Amino acid sequence: QVQLVESGGGLVQAGGSLRLSCAASGRTFSSYAMGWFRQAPGKEREFVGTINWSGSNTYYADSVKGRFTISRDNAKSTVYLQMNSLKPEDTASYYCAAASVRYIVSLVEEYDYWGQGTQVTVSS
């Protein structure tokens, strides 16, 4: 079992930045690929980005590419999502997730563990 707790959400103006953190506990953090997803009210959960077990490989949704960066610190069992140039359409609850594989994965169904989410609101 892996427990995931997100933090760092909040209210920010368009063009601003936020950094989300996701702290993991339980089994060996480096055994898992990690991902970030988001869900806006009335919409399906959508993929944001993923990082492999070592942090050497990342992959992003087109909607955030060039603005968001995922990183991880295996010594701290934490994954981060740096969000720059935020837009109102980035407003959503953001979830981190862990997949029991070491390579990058982008589908919701490939992830085994989920956090409770943190709200990000971008005002125009």
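Only this structure's heavy atoms are used, side chains among them; waters, hydrogens and symmetry mates stay out. The structure presented is a predicted model; accordingly, all values stated were derived computationally and were not measured.
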For this session: State, with a plain yes or no, whether a side-chain heavy atom of Val120 is found less than 4.5 Å away from one of Val122.
Result: yes

Exercise. In Å and rounded to the nearest 0.5 Å, what is the OG1 to CD1 distance from Thr58 to Ile70?
Worked result: 7.0 Å

Exercise. Side-chain heavy atoms under 4.5 angstrom apart, residues restricted to Ile, Leu, Val, Met, Phe, Trp, Tyr: same cluster for Phe29 and Val2?
Worked result: yes

For this session: Go through the structure and list residues passing salt bridge (charged side-chain N to carboxylate O under 4.0 Å, His left out) with Lys65, not counting sequence neighbours.
Result: Asp62

Problem set entry | Heavy-atom side-chain proximity of Lys76 to Ser21 below 4.5 angstrom | no

For this session: Find out whether Gln119 and Thr91 are in side-chain contact, i.e. whether some heavy atom of one side chain is under 4.5 Å from a heavy atom of the other.
Result: yes

Problem set entry | Set of salt bridge (charged side-chain N to carboxylate O under 4.0 Å, His left out) partners for Arg67, sequence neighbours left out | Asp90

Seminar exercise, completed: Closest heavy-atom pair, Ala40 versus Ala92, reported as atoms and distance to 0.1 Å, is N-CB, 3.9 Å

Exercise. What is the minimum heavy-atom distance between Leu4 and Ala24, and which atoms define it?
Worked result: CD2-CB, 3.6 Å

Exercise. What about Tyr103 and Phe37, same hydrophobic cluster or not, with Ile/Leu/Val/Met/Phe/Trp/Tyr joined at side-chain heavy-atom distances under 4.5 Å?
Worked result: yes

Exercise. Rounded to the nearest 0.5 Å, what separation is found between the CD atom of Glu89 and the OG atom of Ser124?
Worked result: 10.0 Å

Exercise. Are any of the side-chain heavy atoms of Thr50 and Tyr111 separated by less than 4.5 Å?
Worked result: yes

Exercise. Taking side chain as C-beta onward, heavy atoms only, is Tyr32 less than 4.5 Å from Ile51?
Worked result: no

Exercise. Do the side chains of Leu81 and Tyr59 join up, straight or via other hydrophobic residues, at under 4.5 Å, putting them in one cluster?
Worked result: no

Exercise. Would you find more than 12 non-hydrogen atoms of other residues, nucleotides or ligands less than 6.0 Å from Gln1 atom CD?
Worked result: no

Problem set entry | Asn52 backbone acceptor or donor facing Arg72 side chain under 3.5 Å | yes

Seminar exercise, completed: Heavy atoms of Asn74 and Trp53 approach each other most closely as ND2-O, 3.0 Å

Exercise. Does Gln116 reach the main-chain N or O of Glu6 with its side chain, forming a donor-acceptor pair under 3.5 Å?
Worked result: no

Seminar exercise, completed: Rounded to the nearest 0.5 angstrom, the CZ-OG distance for Phe68 and Ser63 is 7.5 Å

Seminar exercise, completed: dist Phe47:CZ -> Trp36:CH2 (nearest 0.5 Å) comes out at 13.0 Å

Problem set entry | Spatial distance of atom CZ (Arg38) from atom CZ (Arg45) [nearest 0.5 Å] | 13.0 Å

Exercise. Taking atom CZ of Arg19 and atom OG of Ser7, what is their separation to the nearest 0.5 Å?
Worked result: 9.0 Å

Exercise. Do Gln3 and Ser25 meet the criterion of a side-chain donor-acceptor pair at a distance under 3.5 Å?
Worked result: yes

Problem set entry | Closest contact, heavy atoms only, Ser100 versus Tyr113 | OG-CE1, 4.3 Å

Exercise. For the side chain of Ser56 and the backbone of Ser54, is there at least one donor-acceptor N/O pair under 3.5 Å apart?
Worked result: no

For this session: Treat each ILVMFWY residue as a node, draw an edge where side-chain heavy atoms are under 4.5 Å apart, and state whether Val79 and Tyr60 are in one component.
Result: yes

Exercise. Any link between Tyr95 and Val108 through a network of hydrophobic side chains (Ile, Leu, Val, Met, Phe, Trp, Tyr) touching at under 4.5 Å?
Worked result: yes

Problem set entry | For Ser17 against Ser85, the heavy-atom pair lying closest together | OG-N, 4.3 Å

